[in-house]
Each structure stands twice: as structure tokens, then as C-alpha cells.
Amino acid sequence: QVQLVESGGGLVQAGGSLRLSCAASGLAFSRHFMGWFRQAPGKEREFVAAITWTGSVTDNADSVKGRFTISRDNANNSLYLQMNSLKPEDTAVYFCAANPHLLSRTTARYDYWGQGTQVTVSP
């Protein structure tokens with residue numbers, strides 16, 4: 001059974017930092033493209049960042065470029081999202097997701113999802 005478990009969310013002031021983690025089990029982690037998505041209340045789930053199998057290539061949404069960094073540790077089946085210079089508009093539930101096929105910004109391309117972790121950024 002595939003499990004993706006996010007952690008590291010919380011409440012932070014604008015300008016602060018958080019590091020999200022995603023622990024994966026039940027899948028060949030090193031053979032999956034991984035992504036972070038987020039969903040704010042009343043809005044659709046949106047792409048944040050994605051990373052290839054080896055971590056050699058990443059893709060970031062324009063809204064987070066220069067502030068967020070996606071990375072992975074295949075030896076520990078873990079995915080990370082370092083978030084710096086947080087803004088109130090970054091407030092959302094953050095999800096990690098996995099797919100074995102391609103680097104993608106599209107939610108429908110991902111086969112597996114975690115339950116999410118709440119990130120709240122106060123002004």
C-alpha cells in the first residue's frame with residue numbers, strides 16, 4: 001500500500017521559513033517523479049514544484065521561484081520543500097504527490113497523494 005505522509009506545516013509570520021517533508025512508503029520512490037501542490041480554501045489545487053527521479057531537474061511555479069526549493073533523498077524515501085520568504089498568499093494545505101511517468105505540473109498526472117499539511121502565514 002502506497003503511503004505519502006507530509007509533515008512540517010504550521011503557523012509562521014510573513015517573511016519566515018518552513019521546511020515541509022514527505023515520507024514515502026510502498027512504492028519505488030527513486031523511480032517516481034515527485035511534486036508539491038497546494039490548495040487554499042475555495043480554490044483549486046495548484047502546482048508548486050516538481051522534481052525528477054534523481055533530483056537533477058526541478059520545476060517551480062512562477063509564484064514561488066526564488067523562494068521555494070524542492071529536493072529529495074532517495075536513500076530515505078523522502079521529499080522536501082524548503083519555503084523561505086513566506087507570504088500570506090502562500091497559506092494553503094500542501095500536498096506531496098508521486099507519479100512514475102513524467103515531470104508534470106498537472107494534478108491528473110499524479111497517481112498517489114498524501115493527506116496534506118496546513119501552512120498558515122500571518123501578515
Side-chain angles (χ1 to χ4, degrees):
Q1 180 181 357
V2 175
Q3 281 196 312
L4 300 176
V5 180
E6 302 93 338
S7 61
L11 174 64
V12 64
Q13 287 188 328
S17 298
L18 283 174
R19 189 190 193 210
L20 304 184
S21 299
C22 173
S25 61
L27 78 169
F29 181 76
S30 64
R31 296 293 187 181
H32 279 72
F33 296 87
M34 299 296 297
W36 285 101
F37 293 78
R38 66 186 182 186
Q39 189 166 18
K43 294 188 176 182
E44 292 188 354
R45 193 167 298 189
E46 66 173 6
F47 169 76
V48 175
I51 191 167
T52 53
W53 290 0
T54 62
S56 60
V57 177
T58 62
D59 183 27
N60 296 277
D62 289 345
S63 59
V64 306
K65 278 181 181 175
R67 300 188 298 123
F68 291 10
T69 302
I70 187 172
S71 62
R72 66 190 296 162
D73 180 353
N74 287 343
N76 290 297
N77 290 351
S78 294
L79 177 73
Y80 305 102
L81 185 68
Q82 178 67 43
M83 306 187 295
N84 299 329
S85 302
L86 282 160
K87 305 175 181 180
E89 51 263 44
D90 294 319
T91 295
V93 178
Y94 283 71
F95 300 88
C96 68
N99 91 81
H101 305 296
L102 76 168
L103 192 70
S104 177
R105 296 185 169 204
T106 306
T107 57
R109 293 285 191 179
Y110 287 81
D111 299 323
Y112 307 109
W113 292 85
Q115 292 300 306
T117 185
Q118 176 71 47
V119 171
T120 303
V121 185
S122 63

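Owing to the predicted nature of the structure, the values given are computational and were not obtained by experimental measurement.
- Residues Ser71 and Gln82 are not in side-chain contact: their nearest non-hydrogen atoms beyond the backbone lie 4.5 Å or more apart.
- Ile51 and Val2 fall within a single hydrophobic cluster, where Ile, Leu, Val, Met, Phe, Trp and Tyr side chains are chained together by heavy-atom contacts under 4.5 Å.
- A donor-acceptor distance shorter than 3.5 angstrom exists from the side chain of Trp36 to the backbone of Tyr80, with no hydrogens or angles considered.
- Distance CE/Met34 to OG1/Thr58: 14.5 Å, rounded to 0.5 Å.
- A distance-only check finds no donor-acceptor pair linking the side chain of Asp59 to the backbone of Arg105 [under 3.5 Å].
- Using bins of under 30°, 30° to 60° and over 60° for the plane-to-plane angle, the ring pair His32/Tyr112 lands in the tilted bin.
- At least one side-chain heavy atom of Leu79 sits less than 4.5 Å from a side-chain heavy atom of Ile70.
- Both tests do not hold together for Arg38 against Phe95: distance to the six-membered ring centre under 6.0 Å, angle to the ring axis within 45°.
- When atom types are taken as modelled, the side chain of Arg67 and the backbone of Ser63 share a donor-acceptor pair closer than 3.5 angstrom.
- Dense packing is recorded around CD of Glu89, with more than 12 heavy atoms of other residues, nucleotides or ligands lying under 6.0 Å away.
- Residues Asn60 and Phe47 form no side-chain contact, since every pair of their non-hydrogen atoms from C-beta on lies 4.5 Å or further apart.
- Shortest non-hydrogen contact noted between Leu4 and Ala97 is CD1-CA, 4.0 Å.
- The pair Asp62-Lys65 meets the salt-bridge criterion, since a charged nitrogen lies less than 4.0 angstrom from a carboxylate oxygen.
- In this structure, the side chain of Ser85 does not engage the main chain of Gly15 through any donor-acceptor pair within 3.5 Å.
- Note: Leu27 CG to Gln1 CD = 12.0 Å, rounded to the nearest 0.5 Å.
- By the 30° and 60° cut-offs, the orientation of the rings of Tyr110 relative to Phe37 is perpendicular.
- Residues Tyr94 and Leu81 form a side-chain contact, since some pair of their non-hydrogen atoms from C-beta on lies under 4.5 Å apart.
- Side chains of Leu20 and Met83 form a contact here, defined as non-hydrogen atoms less than 4.5 Å apart.
- Taking each heavy atom of Ala50 and Ser104 in turn, the nearest pair found is CB-O, 3.9 Å.
- Looking at Thr117 and Ser7, their side chains never come closer than 4.5 Å, going by heavy atoms from C-beta outward.
- Counting non-hydrogen atoms of other residues, nucleotides and ligands closer than 6.0 Å to CZ of Arg45 gives a total above 12.
- Within 6.0 Å of atom CD in Gln115, 12 or fewer heavy atoms from other residues, nucleotides or ligands are found, so the atom counts as exposed in its surroundings.
- Under the 4.5 Å side-chain criterion, counting only non-hydrogen atoms from C-beta, Arg109 is not in contact with Phe33.
- A distance-only check finds a donor-acceptor pair linking the side chain of Glu6 to the backbone of Cys96 [under 3.5 Å].
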### Query
Can Glu44 and Thr107 be said to form a side-chain contact (heavy atoms from CB on, under 4.5 Å), step by step?
CA-CA 10 Å; Glu44 292 188 354; Thr107 57; over 6 Å; no

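- Side chains of Leu86 and Leu18 form a contact here, defined as non-hydrogen atoms less than 4.5 Å apart.
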### Query
Could you go step by step and tell me if Thr120 and Val12 meet the side-chain contact (heavy atoms from CB on, under 4.5 Å) rule?
CA-CA 6 Å; Thr120 303; Val12 64; over 6 Å; no

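- Cation-pi geometry between Arg72 and Phe29 is met: the NZ or CZ atom falls under 6.0 Å from the ring centre, inside 45° of the normal.
- Here the OG1 atom belonging to Thr69 is positioned 10.5 Å from the CZ atom belonging to Arg19, to the nearest 0.5 angstrom.
- Nearest heavy atom pair, residue Ala92 against residue Ala40, reads CB-N, 3.8 Å.
- Between the side chain of Ser78 and the backbone N or O of Asn76 there is at least one donor-acceptor pair closer than 3.5 Å.
- Under a 3.5 Å cut-off, the side chain of Thr106 and the backbone N or O of Ala108 do not form any donor-acceptor pair.
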